[in-house]
Each structure stands twice: as structure tokens, then as C-alpha cells.
Number of protein chains: 2
Amino acid sequence: MKSKKAKPEVDSSTEEKIKNAARTIFHKKGFAATRTRDIAEEAGINLALLNYYFRSKEKLFDIIMVESMQGFLKSVSMLLNKEDNTWEEKIEMFVSSYIDFLMGNPDLPLFVLSELRSNPSALISKMNMKELLMKSHFIKQFQEEMKKGKIAPMHPLHFLMNMVSMVIFPFIGKPIVSSIGDLKEQEFVELMQQRKKLIPHWIKMMYKVK
Amino acid sequence: MKSKKAKPEVDSSTEEKIKNAARTIFHKKGFAATRTRDIAEEAGINLALLNYYFRSKEKLFDIIMVESMQGFLKSVSMLLNKEDNTWEEKIEMFVSSYIDFLMGNPDLPLFVLSELRSNPSALISKMNMKELLMKSHFIKQFQEEMKKGKIAPMHPLHFLMNMVSMVIFPFIGKPIVSSIGDLKEQEFVELMQQRKKLIPHWIKMMYKVK
DNA sequence: GTCTATATACGGATAGAC
DNA sequence: GTCTATCCGTATATAGAC
């Protein structure tokens, strides 16, 4: 779109301001419900500038979407592929850092998952997550434990789904959860903090062979 | 909208056809991305008829939304308030019936949760889920177990979130999950069938006091 | 690069014939 | 009740001045 200057500007160049505004609003409302006017206003610039920098709403959206997917998956894959920790340690690190990440990006999971529904194969196929996750060192460790008989045998996907779901779901269901539990924002945060310790504990318990 | 006939027609009256079409498309694409023209086409009728029966897109949407919320919560609250089973039995019944329900309505959870984000307090406040769930017989049973020291003490919300998330998340994340695991539709179904037995087992394990 | 003004397209809703 | 044709608001995108 625009060539980088030799001396890069501060992070709030016009282009960055638009991207940040777009990220905020796309995450909150999704592609279809977002109006470019709202992005322009949020960014404090004029509507025409948005098209000057990004040509179209779709193009801007694609950029945000790719970055969001990367953020969504980065911490997962990074941790899962470290070779120098036990799988229990990795779970602790993953759960803790992912909850922190989601506290700063609470709208991201619902955004990614619901946009993926409208747009099934397009992006997913590009980033081959199968290799990334199913053949990761972490999954291998997990399969080792099964061989040793220390945890019950099952498809590794169950394990992955359970861990990720327990971390992510409270953020996806935040409105309902807060309503059911009658939680103020601060109380929600406290519950999430508790889960950093609780989830790894639960995971260690739940797969034990009797 | 339209007064019921004394002899009710078959289920595929025009009004029902439109509602069914609307449900399908709203669930798949959400409110903003759905065009009334698509609903009309899916229903096999003309666009004008849609407005004749439901006045506006919003009105039609509200009807679908309320029904969806009820479906989304009905099986939860029904089972949780039965008085004549142990909590372990209730978990088994809930998980099994809810997974079956979601197999027939795979798009419903993501639909409800993402529309709730745009429309926070509107509907949620109407159906007071706090009373329904937190004061349910099921939660009381759970709290009894904690008093007896049979399961570790914690906020009941953790328990609720974990159970619901393990059931729902695979459906919400189906595109990603299927991509990661390289699953065909049939394989996905098999995994879900397995979870009917696995989730109750995991839940019994994970809260045990050492 | 940034703005104002405007062209153009699209989607929801209605008028009116049958 | 159901259709065709059309209106009209809204949102994206562009032209053109500064």
C-alpha cells in the first residue's frame, strides 16, 4: 500500500491509526455490521483516507483478519513447540499466558470464529495448522504419556479441544456468564485469574487412569 | 401477525417456511450479513411476502432470536432443575442430550453468542438466567458435595463454564478443529459421540480432592 | 496526504396489480 | 395471499480541490 520510510514514524502514523481503529471495530461487530464511516471516525480521520490507504473495506478487513488469526494461534503454537519443558509445565505456561492475552483482546476469539464461519476455507487452508499442532512436540509428549499408560488413551484432539475451550469459552460467553453469575467486571477478572491455576490442575486430574 | 386458523395448517405454511429459511440463514451468517432477499429465496417465496408476514427484517430476526435463545437454554435449565437424580447422573443426561441437540443445530451456539455481543443487555435481562441456573437444584447438589469435602471448593460458575464449554466449543470451533485434525464430517461426528461418555467421566475426575 | 462533495450500488421496504 | 416493479435510505468508493 505505502512504502516504509527509512526513518519509521511513531506507531501512530495514519496507516496505523486506521488499522488500530479497524481492529477494534471489526473485532467488536464483525465484518458485515462494521461501517467504514465508524472506522474513520474511531481513527479520527476522514472516510476518503481509508480508501486512499487500503483501497477497500475488504482489503482492510483481510489484513486485520490475517493478523488476528496469527495472534489467535501464535501463543498456542509457540508454546507447544518448545522442546525443553514437561507437558505439565507447558500447560501451565500456555494457560496463564493465553488468559493474559485474552484479557487484553477479549473480543478476538468470537471475532475469529464467527468470521471463519462465513468464510470457511479461505484463510484456514493457507496456514497449515495441522502440521503446526498435531505434529508438535507437545502432542508427541502427550502421546508418550498414553503409551506409558499414565493417561487414558484418546484422540489428541480431545485433549486440545478441552484445554483450549476451558480457556477461551469464558471470553466468548462473557455476556451470558456475567449475567448468570451477576458479575461485575472486576469479579470476572478475578475468576479468570483463578483459572490460571485451576485449569492446569483440572487437566492433570481429568486424564488420570484409575 | 396472522391469526391462527382453527384447523392449523401443516407445518409448512408460508409463515413457517419463511421462519425456517430465516433461522437457517441467520444462524449461518448472523443478522448483519443476512439479506432478506436470501431468506426469501431460501423459502421459495417472494421478497415482498416476507414483509407482508413480518413487517421488517428486525421483527423477523427478533422472533428467531428469542426462539434460538430458548432452545439454547432450555435443555440446560430443564435438566438442572430435575429433583430426582444425582448430580453425576444429571451431567450424563445433560451432556448427551445437548450434544445430540447441537448435532442438529451446529450453528446455533455461535449465532447466539455473537449476536449477544452486538446486542448485550436487550434479551438477556428478560430471561433471568441467574435465578434459573445459580439457584437450581443442580447447583445446590454441587454445593452440597463441596460442603461434604467430596469435591474441591470453588465458585459454581467454574463448574458450569467447564461443562458447557467442553460440550459447546467443538461446535463453535468446528472449522478450525476439523482443519487441525484433518477430519471428515463423519470423523467429527464420531468424536462428538465419544465425548458423550468422555466428558462426564472427565468431570467426575477433575474435581476430586487429592 | 487530507479534505469535501458526489457518484454508484445495494438492500430493505412499499405500492399496487392480480 | 402472492406477485412485479419501484422507491428510497444507507454505505462504499471515487473525483477533484487544497
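Letters A, B, ... are given to chains in the order of the sequence lines, protein chains preceding strands, and every chain is numbered from 1.
- The CG atom of A/L49 sits 5 Å away from the P atom of C/dT2 (whole-angstrom rounding).
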**OP:** For salt bridge (Lys or Arg N to Asp or Glu O under 4.0 Å), just list the numbers for A/E92 and A/K204, CA-CA rounded to whole Å, side-chain angles, deciding distance to a tenth of an Å, and then say yes or no.
**Re:** CA-CA 10 Å; A/E92 285 166 23; A/K204 280 174 215 157; 2.9 Å; yes

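- Following rounding to the nearest Å, B/E41 (CD) and D/dC3 (P) show an atom-to-atom distance of 13 Å.
- For an aromatic pair to be called close, the ring centres must be under 6.0 Å apart, and B/F171 with B/F101 fails this.
- No cation-pi contact links A/K28 to A/F111, judged by a cut-off of 6.0 Å to the six-membered ring centre and 45° from its axis.
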Original post:
What string of B, S and - do you get for nucleotides 10-18 of chain C 5' to 3' if you count protein non-hydrogen atoms under 4.0 Å?
Top reply: -BBBBB---

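- Going from atom OH of A/Y53 over to atom P of D/dT14 covers 17 Å, rounded to whole Å.
- Relative ring orientation between B/H155 and B/H158 is described as perpendicular, the plane-to-plane angle rising above 60° on a 0-90° scale split at 30° and 60°.
- None of B/D107, B/L113, B/L102, B/V177 except one satisfies the side-chain contact (heavy atoms from CB on, under 4.5 Å) rule with B/I172; the exception is B/L113.
- With rounding to whole Å, A/I45 atom CD1 is found 13 Å from D/dA13 atom P.
- Separation of atoms CD (A/E67) and CG (A/L108) is listed at 11.0 Å; rounding is to 0.5 Å.
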